[in-house]
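Structure first, then comments.
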Amino acid sequence: MPEYDYVVIGGGTAGSVIASRLTENPDVTVAVIEGGPSDVGRDDVLTLRRWMGLLGGELDYDYPTTEQPQGNSHIRHSRARVLGGCSSHNTLIAFKPLPSDWDEWETAGAKGWGAVPMEAYFARLRNNIVPVDEADRNAIARDFVDAAQAAIGVPRVEGFNKKPFHEGVGFFDLAYHPENNKRSSASVAYLHPFLDRPNLHIALETWAYRLELDGPRTSESGNPRATGVHVRTKDGEEQLVTARREVLVCAGAVDTPRLLLHSGIGPKADLEALGIPVVHDLPGVGENLLDHPESVIVWETDGPIPENSAMDSDAGLFVRRDPRARTPDLMFHFYQIPFTDNPERLGYERPPHGVSMTPNIPKPHSRGRLYLTSADPEVKPALDFRYFTDEDDYDARTLVDGIRIARDIARTEPLAHWLKREVCPGPEVTGDEELSEYARKVAHTVYHPAGTCRMGAQDDELAVVDPELRIRGLDGIRIADASVFPTMPSVNPMIGVLMVGEKCAELLGGTA
């Protein structure tokens with residue numbers, strides 16, 4: 001029975017940080033339980049521009065979405081099955097959460113997670129975070145930036161992480177190495193340099209399916225204590241890996257609540273209905289499922305687009321429609337490809353050459369839920385994001401506004417001369433109701449699920465972890481990943497997850 005000081009479940013974005021920081025102390029032993037293979041030497045993973053080829057493939061858990069009456073029921077949520085987790089799988093757009101995002105967490109009960117104390121963790125990150133390199137700045141993306149600035153009057157931003165912003169357009173910061181287009185993922189930055197540490201054990205292609213918990217009689221606090229995790233290796237061997245100090249669950253916003261629920265930690269009635277023995281009644285597990293939904297508007301271009309790019313979605317736009325809002329309330333990615341996967345289901349055809357703008361909701365009002373449909377850990381959980389179910393219709397209206405703004409930009413030089421025609425929804429679709437129906441039916445995800453084990457105050461019955469990331473009512477176990485987000489940051493969340501990892505490591509005494 002292997003035993004370590006700490007067992008980290010998930011070698012992904014936060015898990016890589018925590019394992020690296022803890023093993024800086026040679027007297028501390030750490031096991032990382034990673035369900036996928038290594039990314040070392042894999043150009044298909046390490047080359048950033050190849051990210052789309054990973055979606056739906058062998059390195060993707062590929063979770064479906066439940067029926068979405070107000071949205072698109074065909075959305076697949078990619079979750080990476082490889083060392084580095086989703087930072088080995090995504091576009092590595094690197095935004096430090098805005099100060100108001102952190103302050104919103106503190107207001108929601110995450111004491112100590114406000115903007116001022118959290119600032120220090122960004123400076124600790126090992127990743128190579130740089131603006132898109134000049135050589136990767138595609139000509140049409142440059143003209144999108146100029147046209148957006150001219151059409152809607154937002155400032156040009158050179159380095160979105162230099163200072164807080166409410167709106168702006170520019171090329172993104174990315175966690176990559178421009179000289180060879182290689183990722184600076186969590187695994188590359190935090191694990192690759194230290195793989196020879198004798199106190200670091202990484203168990204690859206090893207799947208965690210149930211936590212081991214001792215009864216309250218063994219604990220001074222009277223709480224059950226997590227002592228390890230049951231795993232299954234690639235060869236089918238089942239083992240119990242135990243932790244002398246703590247178990248750290250870093251499996252992400254889907255697999256962290258899934259593991260808890262299969263371990264008997266979650267809403268009592270739901271567990272009993274599936275015949276799962278209840279170890280700890282914790283009603284918030286799986287609730288508060290968040291995402292950044294976005295829609296798409298596609299144009300055919302007059303001809304091929306120049307080849308140079310970092311990852312084909314290198315520039316973006318933030319708009320604040322409501323001057324009272326503390327953060328941007330509309331975002332766009334500008335894709336240098338025609339992104340028609342969902343519109344094709346409605347009969348649209350992919351043009352031979354094209355570009356896309358994707359209006360995105362930074363602060364969606366809809367909230368969803370993750371739940372089990374079977375006591376069998378092999379059965380995928382149900383993800384009901386409840387897209388566009390907010391009572392005030394804020395989310396759908398945001399996308400309609402986004403399509404109108406995108407059209408304004410497309411009519412403006414220097415972008416306009418590139419564009420031959422609007423493919424979808426098509427210039428004939430102009431009414432609010434028509435645009436809303438189109439925007440919702442072709443909506444997709446940018447793979448930002450969060451919030452399913454959210455952090456909160458002690459008196460918050462639906463909070464799963466406290467501000468020190470400890471699961472309420474259990475000992476010896478913490479969660480550190482996007483599932484602890486109380487609310488959704490208004491920007492891409494990867495850097496926020498890395499910072500959660502850094503803070504968790506500090507709480508465990510694993511960093512200076």
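Keep in mind the model is a prediction, meaning the values are calculated, not measured. We're numbering straight along the sequence, starting at 1.
For residues 476-486, the pairs satisfying side chain to side chain donor-acceptor pair (under 3.5 Å) are Glu246-Arg478, Thr256-Asp481, Asp481-Ser483, with sequence neighbours left out. Listed by first then second residue, pairs satisfying ring pair (Phe, Tyr, Trp, His ring centres under 6.0 Å) with a partner in residues 16-58 number zero, not counting sequence neighbours. Annotation: ring pair (Phe, Tyr, Trp, His ring centres under 6.0 Å) contacts involving residues 477-499, sequence neighbours excluded, comprise Trp105-Phe485. The salt bridge (charged side-chain N to carboxylate O under 4.0 Å, His left out) analysis of residues 176-199, with sequence neighbours excluded, yields no pairs. The ring pair (Phe, Tyr, Trp, His ring centres under 6.0 Å) contacts involving residues 250-271 comprise nothing, where partners must be two or more places apart or lie in separate chains. Pairs engaging residues 181-205 under the ring pair (Phe, Tyr, Trp, His ring centres under 6.0 Å) rule: Tyr4-His201 [sequence neighbours left out].
In this structure, the side-chain contact (heavy atoms from CB on, under 4.5 Å) partners of Ala80, at least two apart in sequence or on a different chain, are Val82, Cys86, His89. Not counting sequence neighbours, Ser184 has no partner by the side chain to side chain donor-acceptor pair (under 3.5 Å) test. Remark: Arg50 pairs with no residue by the salt bridge (charged side-chain N to carboxylate O under 4.0 Å, His left out) rule, at least two apart or across chains. Asn127 meets the side chain to side chain donor-acceptor pair (under 3.5 Å) test with no other residue; sequence neighbours excluded. Applying the ring pair (Phe, Tyr, Trp, His ring centres under 6.0 Å) test to Tyr394 and every residue at least two apart in sequence or in another chain returns His365.
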Pair Asp62, Arg76 - check salt bridge (Lys or Arg N to Asp or Glu O under 4.0 Å), show working.
CA-CA 6 Å; Asp62 189 33; Arg76 310 289 301 194; 3.0 Å; yes
Assess whether side chain to side chain contact (heavy atoms under 4.5 Å, CB included) is satisfied between Val32 and Leu200, documenting all intermediate values.
CA-CA 8 Å; Val32 178; Leu200 173 62; 4.1 Å; yes
Apply salt bridge (Lys or Arg N to Asp or Glu O under 4.0 Å) to the pair Asp460 and Arg454, showing each step before the final yes or no.
CA-CA 10 Å; Asp460 182 349; Arg454 69 175 172 84; 2.7 Å; yes
Phe318/Val154 under side chain to side chain contact (heavy atoms under 4.5 Å, CB included): CA gap, chis, key distance, verdict
CA-CA 8 Å; Phe318 289 89; Val154 297; over 6 Å; no
Carefully, step by step, assess Leu260 and Ile471 under the rule side chain to side chain contact (heavy atoms under 4.5 Å, CB included).
CA-CA 10 Å; Leu260 265 58; Ile471 297 181; 4.0 Å; yes
With side chain to side chain contact (heavy atoms under 4.5 Å, CB included) as the test, would you mind laying out the steps for Leu92 and Met311 before giving the verdict?
CA-CA 9 Å; Leu92 290 178; Met311 49 77 183; over 6 Å; no
Asp133/Tyr176 under side chain to side chain donor-acceptor pair (under 3.5 Å): CA gap, chis, key distance, verdict
CA-CA 10 Å; Asp133 191 75; Tyr176 85 131; 5.4 Å; no
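Between the Thr65 side chain and the Ile75 main chain, a donor and an acceptor come within less than 3.5 Å of each other. Although no hydrogens or angles enter the test, the distance criterion places a donor-acceptor pair under 3.5 Å between the side chain of Glu106 and the main chain of Gly112. Listed for the Ser490 side chain is no donor-acceptor partner under 3.5 Å among the backbone atoms of Pro328. The backbone N or O of Ala253 sits less than 3.5 Å from a side-chain atom of Thr452, completing a donor-acceptor pair. Between the side chain of Asn199 and the backbone N or O of Asn25, at least one donor-acceptor pair lies under 3.5 Å.
Ring orientation note: the planes of Phe95 and Phe165 are tilted relative to one another, at an angle of 30° to 60°. In this pair, Tyr209 and His230 present their aromatic rings tilted. The plane angle is within the 30 to 60° band.
In this structure, the side chains of Ile276 and Leu261 stay at 4.5 Å or more apart for every pair of heavy atoms. Under the 4.5 Å side-chain criterion, counting only non-hydrogen atoms from C-beta, Leu507 is not in contact with Arg470. Looking at heavy atoms from C-beta onward, Pro381 lies in side-chain contact with Tyr63 at the 4.5 angstrom threshold. Residues Phe160 and Lys96 form no side-chain contact, since every pair of their non-hydrogen atoms from C-beta on lies 4.5 Å or further apart. Put simply, the side chain of Pro64 reaches to within 4.5 Å of the side chain of Lys380, judged on heavy atoms. Two residues are said to be in side-chain contact when any heavy atoms from C-beta on lie closer than 4.5 Å; Phe172 and Asn492 fail this criterion. Within the 4.5 Å cutoff, side-chain heavy atoms of Arg156 are placed close to those of Val145. With contacts defined as side-chain heavy-atom distances shorter than 4.5 Å, the pair Pro37/Leu59 qualifies.
A side chain to side chain donor-acceptor pair (under 3.5 Å) with Glu502 is found for one member of Arg126, Arg124, Arg21 and no other, namely Arg21. Partner of Lys363 under the salt bridge (Lys or Arg N to Asp or Glu O under 4.0 Å) criterion, chosen from Asp322, Asp390, Asp101, Asp291: Asp101.
A pairwise comparison of heavy atoms in Pro486 and Leu290 identifies O-CD1, 4.3 Å as the closest pair. Among all heavy-atom pairs drawn from Ile361 and Asp395, the shortest one is CD1-O, 3.4 Å. Of all the heavy atoms in Gly56 and Ser78, the pair that sits closest is N-OG, 4.1 Å. The minimum heavy-atom distance between Leu204 and Thr206, with the atom names listed, is O-OG1, 2.8 Å. Scanning all heavy atoms of the two residues, the minimum distance from Leu248 to Leu508 falls at CD1-CD1, 3.5 Å. Between His292 and Pro364, the closest heavy-atom pair is CD2-CD, 4.3 Å.
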Report, one line per pair, each donor and acceptor closer than 3.5 Å where one atom sits in a side chain of residues 277-287; sequence neighbours left out.
residue	atom	partner	partner atom	Å
His280	NE2	Arg472	O	2.6
Asp281	OD1	Lys268	N	3.0
Glu287	OE2	Arg369	NE	2.9

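In this structure, CE on Met331 lies 6.0 Å from CG on Asn360, to the nearest 0.5 angstrom.
Note on Asp329 versus Arg324: no salt bridge recorded, every NZ/NE/NH1/NH2 to OD/OE distance being 4.0 Å or above. Taking the charged nitrogens against the carboxylate oxygens, Asp39 and Arg42 have no contact shorter than 4.0 Å, which rules out a salt bridge. For Arg137 and Asp314, the salt-bridge test fails: no basic side-chain N is under 4.0 Å from an acidic carboxylate O.
Donor-acceptor pairing under 3.5 Å is lacking for the side chains of Asn181 and Thr47. Using modelled atom types, one finds a donor on one side chain and an acceptor on the other under 3.5 Å when comparing Thr29 with Arg244.
Counting non-hydrogen atoms of neighbouring residues, nucleotides and ligands closer than 6.0 angstrom, the CD atom of Glu378 exceeds 12 such neighbours.
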